[in-house]
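Okay, so here's the structure we're looking at.
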Amino acid sequence: MPQYALIDCNNFYASCERAFRPGLKGRPIVVLSNNDGCIIARSNEAKAVGAPMGGPYFKCRGLLERNGVEVFSSNYALYGDMSARVMRVLARFCPGLEIYSIDEAFADLTGVPGGADAFGRRLKATVEAWTGIPVSVGIGPTKTLAKLANHFAKKQPRCRGVFDFTTSPDPDRVLRWAEIGDVWGIGPRHAKRLRKMGVANALEFRELKRDWVKKKMTITGLHTLLELRGWPCHDFATGPVGKKTIVSSRSFGRPVTELDDLLEATAQYMTRAAEKLRRQNSVASHVMVFLHTNKFKLGHPQYSNAESVPLPVATGHTPTLIKAAQSGMKRIYREDYAFKKCGVMLSGLEPVNGRWLSLLDLPPDDRPDDRPLMQAVDTLNKRWGRDTVAFAASGIKRNWKMKREMRSPRYTTVWEELLTVRAE
DNA sequence: TCTGGGGTCCTAGGACCC
DNA sequence: TCTGGGGTCCTAGGACCC
């Protein structure tokens, strides 16, 4: 029988902030989304005082201040680097590792000597000692059960951070304990509907008829059902999987009305998207641009639109991609609206080496010898820092840049912001 | 009382995830 | 004044073709 572990960092972003500020141990911490918009991570202490996940910062500000909560703007340079450290430790001890998100990984523990539970406890202690990030470990015969085991390990203090379904004397008790909405793959909509039918926990869901679940929740719901019964339906993917779409978008720090600003932002986002594209050795055949006004501003005129621009030849050439995106943006832009957000998406991705090339009708800006140029740009930016080499279309006005007023130092990725330790 | 029957491809929208 | 960003998969329905 296969055995999977899910290793999940506890309150990851909050834990990253704390790792470099030991004085924050035991203190309530929240981390905000881009633009200091809403709360996206909370330490346990912040959860205890009622800081709501996803709550808009300006609405919670009073509550946070009254309870002495430390507030951080998001610092993705720090979180990305800390994530890489955690994953390196896990990979060292788990040959089969699937990195699932910035703060989670599945490990294949099938046949691990000495028992999965003991292995999980050693893993947890090692990650914490080497990185300063606390983790929880859940173990089960399927990914869905490993997820549930992890949830149980986190919420039940007597588990001390590790729970193993495969050796549990009464696994059904855990399934009965788990609320239906806490099951991986069952979101708010399905949870609400199931509760209304009297299905309130994972055990009751597991007993439903296959046909009913498939009909009402599609094949994905059926997979969840079968995984709860112990039949693996989700593949285990070691090694990176190329993305099928790449998105780059941001909300603006202030409302934007001018086309010039939107074109600048479009170029900037496309530059980021194209970097991601080349990093996974892909080229894109479609560019999509979108923009919208602030949907929360009731009574203000609203407008949103998107346009997809097919490319004659799939490419990873930033100026070509920028040109396509900007042409779309010019067509969907309307005067007299206050825009809140825009973005670009790359799709129709193909491997760079397998791409079809017509020598007869290559567009002038996509000659094959563009690739060395883009490689050089990427190398310089990697070596010397983002935007060492940039594209003029990205502009220099940056009227639209986002707010990040409470960002912590980038302790691990920028020399000037290294942590200073004084020995006295 | 009735509008042919399939097949394929594409897109929009829903639902979910972190 | 102030409400994130980046993904996946599935299905229904329209366009188009024979």
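Proteins get letters first, then strands, A, B, ... in listed order; numbering begins at 1 in each.
Of the side-chain N and O atoms in A:Arg272, none sit less than 4.0 angstrom from OP1 or OP2 of C:dG6. In this model, the phosphate group of C:dC2 is approached by a side-chain N or O of A:Lys297 to a distance below 4.0 Å at OP1 or OP2. Side-chain N/O atoms of A:Thr245 include one lying less than 4.0 angstrom from OP1 or OP2 on C:dT8. Under 4.0 angstrom from either OP1 or OP2 of C:dT1 there lies no side-chain N or O belonging to A:Lys59. Remark: A:Thr218 is not in phosphate contact with B:dA15, judged by side-chain N or O atoms under 4.0 Å from OP1 or OP2. An OP1 or OP2 oxygen of B:dC17 is reached within less than 4.0 angstrom by no side-chain nitrogen or oxygen of A:Lys143. Under 4.0 angstrom from either OP1 or OP2 of C:dC9 there lies at least one side-chain N or O belonging to A:Lys244. In this structure, A:Lys341 does not reach the C:dT3 phosphate: none of its side-chain N or O atoms is under 4.0 Å from OP1 or OP2. Close to C:dT3, at under 4.0 Å from its OP1 or OP2, lies a side-chain N or O of A:Asn294.
Under the rule for a ring-ring contact (aromatic ring centres under 6.0 Å, His included), the partners of A:His151 that lie at least two apart in sequence or sit in another chain are A:Trp177. Residues satisfying the salt bridge (charged side-chain N to carboxylate O under 4.0 Å, His left out) test with A:Lys124, not counting sequence neighbours, are A:Glu128.
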Dot-bracket for DNA chain B, 5' to 3', Watson-Crick and G-U pairs with both distances under 3.5 Å, [ ] for crossing pairs, | for partner on another strand, reads ....||||||||||||||
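In this structure, A:Lys214 and A:Val247 both approach DNA chain C, and ranking their closest nucleotides by distance from the 5' end singles out A:Val247. Residues A:Phe252 and A:His223 each lie close to DNA chain C; by heavy-atom proximity, the contact nearer the 5' end of the strand is made by A:Phe252.
Of the inter-residue distances, the one linking A:Asn381 atom CG with A:Arg383 atom CZ reads 12.5 Å to the nearest 0.5 angstrom.
To the nearest angstrom, P of C:dC2 lies 15 Å from CE of A:Met406. Counting to the nearest Å, the C1' atom of C:dC9 and the CD1 atom of A:Ile219 are 11 Å from each other. Summarising the geometry, the separation between CH2 on A:Trp184 and C1' on B:dA15 is reported as 15 Å, rounded to the nearest angstrom. Rounding to whole angstrom units, CZ of residue A:Arg254 and P of C:dC2 are separated by 11 Å. Protein atom OH of A:Tyr100 is 11 Å distant from nucleotide atom P of C:dC9, rounded to whole Å. Look at NE2 on A:His292: it is 12 Å from P on C:dT3, rounded to the nearest Å. Separating the CG atom of A:Leu298 from the P atom of C:dT3 is a distance of 13 Å, rounded to the nearest angstrom. Rounded to a whole Å, the CG atom of A:Asp8 is 13 Å from the C1' atom of B:dC17.
The nucleotide whose nearest atom lies closest to any side-chain atom of A:Ile40 is, among C:dG4, C:dG6, B:dA15, C:dG4. Ranking C:dC9, C:dC2, B:dC18 by closeness to the A:Ser101 side chain, first place goes to B:dC18. Nearest to the side-chain atoms of A:Lys276 among the listed nucleotides C:dG6, B:dA15, C:dG4 stands C:dG6.
Across all strands shown, A:Asp103 has heavy atoms under 4.0 Å from sugar-phosphate atoms exclusively, and none from any base. As judged by a 4.0 angstrom heavy-atom cut-off over every strand, A:Ile102 is placed among residues making no nucleic acid contact. Nucleic acid contact for A:Asn34: sugar-phosphate only, since backbone atoms but no base atoms lie under 4.0 Å from a heavy atom of the residue. Looking at heavy-atom distances under 4.0 Å, A:Tyr57 makes no contact with the nucleic acid at all. Within the 4.0 angstrom heavy-atom criterion, only backbone atoms of the sugar-phosphate kind lie near A:Ile246; the bases stay farther away. Nucleic acid contact class of A:Val31 (heavy atoms, under 4.0 Å, all strands): none. Nucleic acid contact for A:Arg250: sugar-phosphate only, since backbone atoms but no base atoms lie under 4.0 Å from a heavy atom of the residue. No engagement by A:Ser308 is indicated, since no non-hydrogen atom pair under 4.0 Å with the nucleic acid exists.
The pair A:Arg278-A:Asp378 meets the salt-bridge criterion, with a side-chain N (NZ, NE, NH1 or NH2) lying under 4.0 Å from an Asp/Glu carboxylate O. Electrostatic pairing of A:Arg407 and A:Glu417 counts as a salt bridge here, judged by a charged N lying under 4.0 Å from a carboxylate O. Contact check on A:Lys147 versus A:Asp8 returns no salt bridge, with no Lys/Arg side-chain nitrogen under 4.0 Å from an Asp/Glu carboxylate oxygen.
Straight-line distance between the P atoms of B:dG4 and C:dG14: roughly 16 Å, to the nearest whole Å.
Between A:Tyr100 and A:Phe106, the ring-plane angle classifies as perpendicular under the 30° and 60° cut-offs. Relative ring orientation between A:Tyr269 and A:Phe252 is described as parallel, the plane-to-plane angle staying below 30° on a 0-90° scale split at 30° and 60°. Taking the six-membered ring where tryptophan is involved, the planes of A:Phe165 and A:Phe163 are perpendicular, since the angle between them exceeds 60° and thus also 30°.
More than 12 non-hydrogen atoms from other residues, nucleotides or ligands lie less than 6.0 angstrom from CZ of A:Arg334.
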